[in-house]
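In this text the structure is predicted, and so the values were computed from the model without any measurement. Whatever order the structure lists ligands and atoms in, that order sets their numbers, starting from 1. In this chain, numbering begins with 1 at the start of the sequence shown.
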Amino acid sequence: MMAELLIIGGGLAGCEAAWAAARAGLAVELWEMRPARQTPAHETGLLAELVCSNSLRAAKITSAVGLLKDEMARLGSIVIEAARETRVPAGGAWAVDRMEFAGLITAWIQEHPRVEVVTREADRIPEARPLILATGPLTSEALAADLARLTGRDRLFFYDAIAPIIDAQSIDRSIAFEASRYEDGPGDYLNLPLTENEYNAFYDALMAADTVKRRDFESTKHFEGCLPIEVMARRGRQTLAFGPMKPVGLIDPRTNRRPFAVVQLRREDAHGTAFNMVGFQTRLTHAAQSQVFRTIPGLAGAEFPRLGSIHRNTFLEAPAVLTPALELRENPGLYVAGQLSGVEGYVESAAMGILAGLNAARRVREIPPVVPPVTTALGALITHLTTPIKNFQPSNVNFGLFPPLAKKTPKKMRGQAYADRAQKDLEAWMAENDLHPEAGDGQ
Ligand SMILES: Cc1cc2nc3c(=O)[nH]c(=O)nc-3n(C[C@H](O)[C@H](O)[C@H](O)COP(=O)(O)OP(=O)(O)OC[C@H]3O[C@@H](n4cnc5c(N)ncnc54)[C@H](O)[C@@H]3O)c2cc1C
């Protein structure tokens with residue numbers, strides 16, 4: 001078989017890409033280095049191994065990740081098909097039997113007449129085009145070095161430091177005030193002022209909170225520029241008040257005075273539906289984050305579409321290097337999928353595999369690439385990957401990445417409204433681009 005498409009990495013994204021391209025009729029070669037060479041987190045030689053949790057998160061389409069799974073299923077996703085077959089009870093979450101899940105995907109890919117799986121590590125970027133890189137957050141060193149050479153060293157990162165984001169409607173606007181440091185009038189930030197007592201209460205809660213255990217291979221070293229908030233706080237009670245919570249240049253209009261400390265919130269999206277807690281990257285557990293951050297004045301009722309984290313992760317500064325078709329701008333025919341492209345999470349990584357596979361196949365067929373509508377979960381992730389932003393960080397899918405709903409919708413009904421709009425737009429887009437997978441497996 002003469003391969004028309006080479007894919008490096010047989011994880012979630014690589015398998016989706018291979019499946020999508022093979023279903024579109026391409027002969028595909030898929031290189032996976034395991035079991036000959038393991039990553040520090042994988043344990044088997046199976047394709048699509050889930051390295052940590054066995055959950056694909058929320059099942060309902062009224063959550064952003066549930067909606068994303070629904071969209072993937074409509075596009076013929078192998079991950080969702082295997083997840084359906086291997087589902088285990090987990091309340092509202094969609095969890096799978098991890099060995100059966102990876103076993104099934106491995107069998108389906110290996111049995112596909114147009115896919116050849118090769119056990120091989122890519123130690124540099126192969127010349128073949130089209131080529132999809134889907135080597136994940138633990139991309140082997142030699143390949144990562146070559147990718148850094150290709151894109152520029154400052155465009156590839158090895159750790160992510162994610163600060164929580166907050167649903168704009170859950171912030172108490174009678175406490176928050178708009179201002180940019182040293183500037184008159186309403187500014188770009190929302191500021192949450194703290195008195196000395198409030199600051200001390202927050203500090204004590206932070207010091208008492210649980211942090212996530214570090215995996216063996218994760219270095220204890222942090223870059224000074226993105227220290228976890230709790231690590232900084234451990235340096236002394238006042239460190240945060242002179243660091244990310246410094247009040248300089250800010251006057252609280254209610255008191256006409258400078259507060260003792262301030263938490264600054266920066267718009268996460270152009271529509272202002274979500275705000276990022278500036279400088280609040282953290283390794284606290286999710287439960288501890290929700291509890292501790294709600295002690296901050298103005299955040300008592302805060303809802304967090306995304307909580308903070310810091311972990312080993314190889315990813316590109318997507319907005320600087322990727323097109324909306326997931327192709328490197330400066331290297332036509334070279335696609336990047338999965339966690340490496342700048343999304344976060346099993347489902348999101350797999351979803352980017354489908355899009356890369358479809359677009360690589362279209363390149364071979366000389367058809368223009370497809371980009372899903374911005375109102376869909378798939379499109380919202382592409383928006384995240386292609387919107388220029390300072391300090392780009394990977395993101396899970398969340399409704400904060402979607403354009404706001406046209407009508408003001410009660411909170412309880414928002415998820416359904418996002419889903420209705422997305423499903424309608426996705427169907428129209430699929431019909432327009434002839435993307436409906438054939439009945440059966442489409443081989
Ligand atoms: C420790 C850890 C825990 C995580 N836990 C979760 C979680 O619980 N839930 C969640 O939603 N997300 C989690 N993630 C984030 C992410 O969703 C997963 O890593 C996900 O598997 C990413 O999918 P992927 O296809 O991009 O990469 P992977 O699934 O990692 O696939 C990449 C594949 O490429 C192979 N490879 C790497 N380099 C080469 C090379 N040079 N040549 C050939 N093959 C190569 C690897 O062996 C691997 O099979 C975690 C990430 C890490 C690092």
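By the 6.0 Å contact criterion, CD on Gln291 is open, its count of non-hydrogen atoms from other residues, nucleotides or ligands being 12 or less.
At a threshold of 4.0 Å, the pair Glu348-Arg57 counts as salt-bridged, since one of the basic side-chain nitrogens sits closer than that to a carboxylate oxygen. The pair Arg365-Glu4 meets the salt-bridge criterion, since a charged nitrogen lies less than 4.0 angstrom from a carboxylate oxygen. Using a 4.0 Å cut-off between charged nitrogen and carboxylate oxygen, Asp420 and Lys424 do not count as a salt-bridge pair. Salt bridge present: Glu327 and Arg363 bring a charged side-chain N and a carboxylate O closer than 4.0 Å.
A ring-centre distance under 6.0 Å is not found for Phe315 and Phe158. For an aromatic pair to be called close, the ring centres must be under 6.0 Å apart, and Phe304 with His286 fails this.
Near Ile8, with a cut-off below 4.0 Å to any heavy atom, the atoms of ligand 1 are 42 (N), 43 (C). Taking every non-hydrogen atom of Pro137 and a distance limit under 4.0 Å, the qualifying atoms of ligand 1 come out as 19 (O), 22 (C), 27 (O), 30 (O), 53 (C). When each atom of ligand 1 is checked for a heavy atom of Ala13 under 4.0 Å away, the hits are 25 (O). For ligand 1, the atoms lying closer than 4.0 Å to a non-hydrogen atom of Arg120 are 42 (N), 43 (C). Within ligand 1, the atoms closer than 4.0 Å to a non-hydrogen atom of Glu121 are 40 (C), 41 (N), 42 (N), 43 (C), numbered from 1 in the order shown.
The residue among Ser140, Pro40, Ala134 with a heavy atom at the shortest distance from atom 38 (N) of ligand 1 is Ser140. For atom 45 (C) of ligand 1, the choice among Met33, Gln339, Arg57 with the nearest heavy atom turns out to be Met33. Checking Glu32, Arg34, Glu49 against atom 33 (C) of ligand 1, the nearest heavy atom belongs to Glu32.
For the residue pair Asp425/Thr375, the side-chain donor-acceptor check at 3.5 Å is satisfied. Glu427 and His436 share a side-chain donor-acceptor pair at under 3.5 Å. Ser395 and Glu344 share no donor-acceptor pair across their side chains, judged by distance under 3.5 Å alone. Thr62 and Gln416 share no side-chain donor-acceptor pair at under 3.5 Å.
Neither the backbone nor the side chain of Ser55 comes within contact range of ligand 1; no heavy atom lies under 4.0 Å. Within the 4.0 Å heavy-atom criterion, the part of Ser349 lying near ligand 1 is the side chain and not the backbone. Only the side chain of Leu143 comes within 4.0 Å of ligand 1, judged by heavy-atom distances. Contacts between Leu50 and ligand 1, counted as non-hydrogen atom pairs separated by less than 4.0 Å, are absent for every part of the residue.
Distances shorter than 4.0 angstrom do not occur between any heavy atom of Gln38 and any atom of ligand 1.
Considering backbone and side-chain N/O atoms, Gly338 never comes within less than 3.5 Å of an N/O atom of ligand 1. At least one N or O atom of Ser53, backbone or side chain, sits closer than 3.5 Å to an N or O atom of ligand 1. By the 3.5 Å distance cut-off applied to N or O atoms, Ala41 is not counted among the residues near ligand 1. Ligand 1 has no N or O atom lying under 3.5 Å from any N or O atom of Thr39, backbone or side chain. Residue Leu12 has at least one nitrogen or oxygen atom sitting less than 3.5 Å from a nitrogen or oxygen atom of ligand 1, judged on distance alone. Between Tyr346 and ligand 1, at least one pair of N/O atoms sits closer than 3.5 Å.
For the atom pair CD1 of Ile296 and CE of Met277, the computed distance is 4.0 Å after rounding to the nearest 0.5 Å.
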